[in-house]
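Counting from 1, the numbers follow the sequence of the chain as shown. These numbers come from a predicted model, not from an experiment.
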Amino acid sequence: MSFIKHRIARSLLAVLFVGCAFAVAAATPTPAPQADNSRQPISAVQLFPMNVASLDNAAADLRRLAEDAEKGYAAGEIDSLIIVGGASPDGPKVLNRRLAQERAENVARFLMENTSIPAEKITVMSKVADWSEVSDFAEKQNDGYAPLVVAAIKKNPANPTATLRCLEKGHVWKWLSQEVFPSLRSTDVMAIITPLPPSTADSPVSSETITTEEVSEIQTPQMQDAKETETEPFVNVPMAEGWQRGFYVKTNLPAWLALITNVGVEVDLAPHWSFNLPFYYSGFNYFTRTLKFRILGIQPEVRWWLSDKNHGFFTGAHFSMAYYNLAFNRSFRYQDHAGHTPALGGGVALGWRFRLNSDPNLTMEASIGAGAYRMHYDVFYNRPNGLLYDTRKRTYIGLDQVSLSLTYRFGFGKRQSAEMKGGDR
């Protein structure tokens, strides 16, 4: 892809420049052999797919950077790191800002987990590209669609999305999505080089030998780019380390189909752990007095999540209490004894939480569970004002949870820091 070629070319030019400088230095006689005190900045770029911020698989150059950064920091050659998370302008602005920040934070977290560089030595920044940058980048691609893109952005610089999507039956937008936007959905990592001590008279260096200032000239364009683009959308914020608690509001869709009103809340207790509390109520007949599924119940549940982000697969242990009044158009109606003897018991459940769209807070949650319950209930003839027929006690063992819940997450509280080494972050 063209943007990758652009980055590779830039890196090769930098390496060629340094190589030539070393060659000049080697060819110039000096009064005494000198140690090579030059430092080269190390850098890497991690690209992200659209609407994704998680760092599931670190790119090879990012893994190599972690190794180089560890060696450089241990040797005192690297002082600190700057990490700039980016996002393309297509899509909601709020989502883009969050994606840019989360991309930078996830890369920073990866480096802290794989190096000994402390958090205070890592600066996290975020930048959402504007459409003028898209226009500038498109012009450099030397493609036939570039003039159309530039013209559309000049016509509506605030939000040309609708126009760009329609151009050339969608081919212009496809080109932007493949050739331009990916380079903006990236996280750049740059190392700040430890300043070298000034030369002394005891160890003279030839004027043509590489000096600290000359090496600084190689570093300056990278660092200067970050400063020049630090405009309003460029936000420099402290890295939000570790794990942040979430509060969830949810409702079980199949229960609504059975005319059972319900709402649930869940709160994260810690990484891997959460507490879920659903409420169910139905006071309705199914269009006739001899068919009903009236219920008032709760089912508190402690959950353990496979992921420390409390997302994906989980298993839970729950307790249940339910008052009930059931009739199925047959001879008898069943109700908890005297109207105040609920079914009591508990069980276990398995489930999975997954995203529905680009909003990471809107998810769907599917679960199924089974348990055992002690029941004490009255049996009535199933007709209006039907007489008591019997009182029974039994133990029910079987399904007690089937849910497909729409869930929305609200983050609250400060992110909790974790130890750099020897523990989960």
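Seen from the ring of Phe328, Arg330 does not count as a face-on cation partner, given the 6.0 Å and 45° thresholds. At least one test fails for Arg392 against the ring of Tyr334: distance under 6.0 Å to the centre or angle within 45° of the axis.
Within a 6.0 Å radius of CZ in Arg289, other residues, nucleotides and ligands contribute 12 heavy atoms or fewer. The neighbour count for Asn385 CG, taken as heavy atoms of other residues, nucleotides or ligands under 6.0 Å away, does not exceed 12.
Asn310 places a side-chain N or O within 3.5 Å of a backbone atom of His272 that can act as its donor or acceptor partner. Asn96 places a side-chain N or O within donor-acceptor distance of the main-chain N or O of Ser88, the cut-off being under 3.5 Å. Side chain of Asp268 to main chain of Gly246: a donor-acceptor pair is present (N/O by atom type, distance under 3.5 Å, no hydrogens or angles). A donor-acceptor pair is defined here as one N or O able to donate and one able to accept, closer than 3.5 Å; no such pair exists between the side chain of Asp130 and the backbone of Pro89. Between the side chain of Asp336 and the main chain of Tyr324, a donor-acceptor pair closer than 3.5 Å is present.
Rounded to the nearest 0.5 Å, atoms CG (Leu362) and CG (Asn357) are 5.0 Å apart. In this structure, Thr290 OG1 and Phe287 CZ are separated by 13.0 Å, a value rounded to the nearest 0.5 Å.
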Give the C-alpha distance, both sets of side-chain angles, the deciding distance and a yes or no for side chain to side chain contact (heavy atoms under 4.5 Å, CB included) between Met364 and Leu406. CA-CA 5 Å; Met364 186 69 79; Leu406 189 65; 4.1 Å; yes
Report the C-alpha separation of Val107 and Arg103 in whole Å, then their side-chain angles, then the decisive distance to 0.1 Å, and conclude whether the side chain to side chain contact (heavy atoms under 4.5 Å, CB included) test is met. CA-CA 6 Å; Val107 171; Arg103 285 165 179 168; 5.8 Å; no
Thr251 vs Val263, test: side chain to side chain contact (heavy atoms under 4.5 Å, CB included). Steps then yes/no. CA-CA 5 Å; Thr251 188; Val263 65; 5.6 Å; no
Under the criterion side chain to side chain contact (heavy atoms under 4.5 Å, CB included), I'd like the reasoning laid out for Leu167 against Tyr145: C-alpha separation, chi angles, the key distance, then a yes or no. CA-CA 9 Å; Leu167 289 174; Tyr145 291 132; over 6 Å; no
Could you check Thr261 against Trp256 for side-chain hydrogen bond (donor to acceptor under 3.5 Å, both in side chains), going step by step and ending with a plain yes or no? CA-CA 6 Å; Thr261 58; Trp256 283 102; over 6 Å; no
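For Ser367, the side-chain hydrogen bond (donor to acceptor under 3.5 Å, both in side chains) partners are Gln401, Ser403, not counting sequence neighbours. With sequence neighbours excluded, the residues satisfying side-chain hydrogen bond (donor to acceptor under 3.5 Å, both in side chains) with Ser320 are Gln299, Tyr373. Partners of Lys250 by salt bridge (Lys or Arg N to Asp or Glu O under 4.0 Å), not counting sequence neighbours, listed by chain and number: Glu266, Glu365.
If you look at Tyr286 and Phe284, their ring centroids are not closer than 6.0 Å.
Between the side chains of His337 and Asp378, a donor-acceptor pair is found at a separation under 3.5 Å. If you check the side chains of Asp400 and His318, you find a donor sitting under 3.5 Å from an acceptor. Counting only N and O atoms by type, the side chains of Ser405 and Thr407 include no donor and acceptor under 3.5 Å apart.
Remark: Glu102 does not engage Arg97 in a salt bridge, criterion side-chain N to carboxylate O under 4.0 Å. Taking a cutoff of 4.0 Å between a charged side-chain nitrogen and a carboxylate oxygen, Arg303 and Glu301 qualify as a salt bridge.
A ring-ring contact (aromatic ring centres under 6.0 Å, His included) with Phe332 is found for one member of Tyr389, Tyr377, Phe380 and no other, namely Tyr389.
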